[in-house]
Amino acid sequence: MNKKVYIESYGCQMNFSDSEIVASILAKDGYTAVEKAEDADLVLLNTCSIRDKAEQTVLNRIDSLRNLKGANKQLKVGVLGCMAERMREDLLVKKKLVDLVVGPDAYRTLPALLDEVEGGQKAVNVLLSREETYAEIEPVRLGSNGVTAFVTIMRGCDNMCAFCVVPFTRGRERSRDPYTIVEECRQLVAQGYKEVTLLGQNVDSYRWNVDSRGEVKDAALPVTDFADLLAMVAEIAPTLRVRYSTSHPKDMTDKVLEVMARYPNICKYIHLPVQSGSSAVLARMNRGYDRAWYLDRIAAIRRYMPDAAISTDLISGFCGETEEEHNETISLMTEVGYDMAYMFKYSERPKTLAARKYPDDVPDEVKGRRLAQIIDLQIKQAGERNQRHVGQVQEVLVEGVSKRSAEHMFGRNTHNAVVIVPSMFHGAELEAGDYVMARILSATGGSLKGEVVEVKKGRSAMADL
Ligand code: 5AD
Ligand code: SF4
């Protein structure tokens, strides 16, 4: 009964984290995770619907599995995640080689669905849930470096941004029991992990009411909010770095910033998606804040953590975006000075508020030109911002061997910038999981180059403070 599953993940970190939950559920059903589709009895694609391009990539990938299925008639193919939710039976009908379609809240039913598939039927479960958080499931870490791990703290999203498909594919927002989160992080520490990233679509609206472990939620009891949770995780061990994603500008509180500033092991990096610099566009996007509010949040971050790195998401060519509105995005970028940005052309998604209410009226070449302008500015600004690290001695958590050179290791500083250092220090090899102090010598493109001045084997230098 030793069956083999290959899981391929697309989209956000949440999806990669979900794949580890799926691997855990399937492990109990006799499946071992393998690293190549060719070796598997079951191939699962954990998919993303955020933009049309993401979906097209997966649809092409499904077609490319035809050869594998031809070579191995027993091979089963399943589609998980956001596309399963959005395209449902369409996938089963139009893509003949798909045997199984399972949405993000239905992974516990995978073993039963696979039984149906074994019996020669196609199987589907795309029910969304108000409660499912997979709270007690211990993920099987896939493709892990043994140093950094994702921990999901909440699921779904209630925000209804006009452009976004996520509320339709991942359902209502719900938070996970904080005690199970802390327990999962403790286990990771015991296994030698050095960094956790707490994941949620909108971490700032994390809420949990409990009196003690396992008790039912009760509205009358004190609330654990995201700031409390962050502190609980940071307290586990000073040698455990804590990151999180994603904040929402409308909900980000000073209390979270205060906790971040207080704990040296909470990384000084915030991903705060702005989407547009124009208040009129933000209103059409239904984001719940305007430009002034967003800039006030940036000022608050700088007040608590003057040196924190900030990244963002930007969309070019949203419905009705004028040249002036686009220029407001450019001026906001100049005003903030992002360390990093994820930049996209607007892609209309069926069912969303924008698809129902506004025409997708910015021509593709205009979206493209505006995006190129945004990207050019970001590259220039990131290059300049990266220079501020040069000359500093920074704590770097080593994650593995550099992709470009076997004589170098790569890691990250607290600001989430990649730092490349020589792998030998005083005749000894660095290892993944080492904390080192590195003097930053230069900043090139997306990464920093440094020289190691001290190795703190597995100990956070910050723990000495
Ligand atoms: N078109 C383009 N970009 C989108 N995003 C979300 N929905 C869309 C869409 N329909 C971007 C947003 C979000 C990030 C995860 O993806 O910037 O923050
Ligand atoms: Fe893609 Fe959004 Fe689903 Fe993540 S939640 S997989 S980004 S559609």
Side-chain angles (χ1 to χ4, degrees), residues 9-18 46-58 81-83 85-87 104 150 152 154-170 173 197 199-205 244-252 270-278 281-282 284-289 294 297 310-321 325-326 329 332-333 336 338 340-364 366-372 374-375 378:
S9 305
Y10 296 82
C12 63
Q13 295 166 334
M14 183 76 88
N15 248 21
F16 285 75
S17 172
D18 278 3
N46 196 356
T47 62
C48 172
S49 293
I50 198 97
R51 282 167 292 275
D52 185 57
K53 219 164 104 187
E55 290 192 343
Q56 294 308 325
T57 307
V58 169
C82 292
M83 275 173 78
E85 206 56 54
R86 212 186 71 69
M87 303 179 83
F150 296 126
T152 297
M154 59 200 298
R155 304 181 68 83
C157 186
D158 282 352
N159 278 329
M160 290 292 171
C161 299
F163 51 77
C164 190
V165 77
V166 173
F168 303 95
T169 61
R170 288 187 165 270
E173 181 183 290
T197 302
L199 294 181
Q201 248 77 35
N202 176 6
V203 293
D204 299 292
S205 55
Y244 66 88
S245 194
T246 300
S247 299
H248 195 301
K250 92 179 149 54
D251 299 320
M252 193 187 74
I270 299 188
H271 182 59
L272 197 66
V274 67
Q275 315 298 359
S276 167
S278 151
V281 174
L282 290 169
R284 290 203 292 284
M285 287 178 165
N286 198 29
R287 288 287 288 173
Y289 58 87
Y294 184 87
R297 294 293 75 208
I310 303 176
S311 64
T312 200
D313 292 343
L314 293 159
I315 297 178
S316 82
F318 183 68
C319 311
E321 187 188 69
E325 288 168 345
H326 162 66
T329 296
L332 179 115
M333 290 174 73
V336 177
Y338 291 108
M340 240 252 288
Y342 300 90
M343 299 156 283
F344 315 101
K345 263 198 253 183
Y346 172 60
S347 161
E348 185 177 87
R349 307 280 59 216
K351 277 205 205 167
T352 54
L353 191 70
R356 285 181 279 131
K357 206 166 154 193
Y358 307 114
D360 180 10
D361 55 359
V362 178
D364 194 56
V366 176
K367 286 181 187 171
R369 177 186 35 84
R370 290 179 187 166
L371 179 63
I374 287 172
I375 292 174
Q378 180 51 32

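Numbering of ligands and ligand atoms starts at 1, following listing order. Remember, it's a predicted structure, so these values are computed and weren't measured experimentally.
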Subject >> Backbone of Leu199 reached by a side-chain donor or acceptor of Thr152 within 3.5 Å >> reply: no
**OP:** Taking only Lys NZ, Arg NE, NH1 and NH2, and the carboxylate oxygens of Asp or Glu, determine whether Asp204 and Arg297 approach each other closer than 4.0 Å.
**Re:** no
Original post:
For Leu314 and ligand 1, does the shortest N/O to N/O distance drop below 3.5 Å?
Top reply: no
Original post:
With respect to atom 4 (C) of ligand 1, which of Lys345, Arg51, Met285, His248 exhibits the smallest heavy-atom separation?
Top reply: Arg51
Original post:
Are any of the N/O atoms in Ser347 less than 3.5 Å from those in ligand 1?
Top reply: yes
Original post:
Heavy atom of Glu348 under 4.0 Å from ligand 1?
Top reply: no
**OP:** Could you list the atoms of ligand 1 found under 4.0 angstrom from a heavy atom of Ile315?
**Re:** 3 (N), 4 (C), 5 (N), 12 (C), 17 (O)
Original post:
Given that the side chain starts at C-beta and the backbone is N, CA, C, O, which of these parts of Phe163 lies under 4.0 Å from ligand 1, counting heavy atoms, or is it both or neither?
Top reply: both
**OP:** Assess Arg284 against Phe318: is NZ or CZ under 6.0 Å from the centre of the six-membered ring, and within 45 degrees of the ring's axis?
**Re:** no
**OP:** Find all atoms of ligand 1 within a distance of less than 4.0 Å from any non-hydrogen atom belonging to Asp313, and give their numbers and elements.
**Re:** 13 (C), 14 (C), 15 (C), 17 (O), 18 (O)
Subject >> Passing option when His271 is tested against Thr312, Asp313, Thr246 for side-chain hydrogen bond (donor to acceptor under 3.5 Å, both in side chains) >> reply: Asp313
Original post:
Below 4.5 Å, heavy atoms only, C-beta onward: do Ser205 and Met154 meet side chain to side chain?
Top reply: yes
Original post:
Which of the atoms in ligand 1, numbered in the order shown and given with their element, are less than 4.0 Å from a heavy-atom of Gln275?
Top reply: 12 (C), 13 (C), 17 (O), 18 (O)
Original post:
Should the pair Arg349-Glu55 be classified as a salt bridge under the 4.0 Å nitrogen-to-oxygen rule?
Top reply: yes
Original post:
In ligand 1, which numbered atoms sit nearer than 4.0 Å to a non-hydrogen atom of Arg349?
Top reply: 10 (N)
**OP:** Determine whether Glu321 and Arg370 make a side-chain contact, defined as any pair of heavy atoms from C-beta on separated by less than 4.5 Å.
**Re:** yes
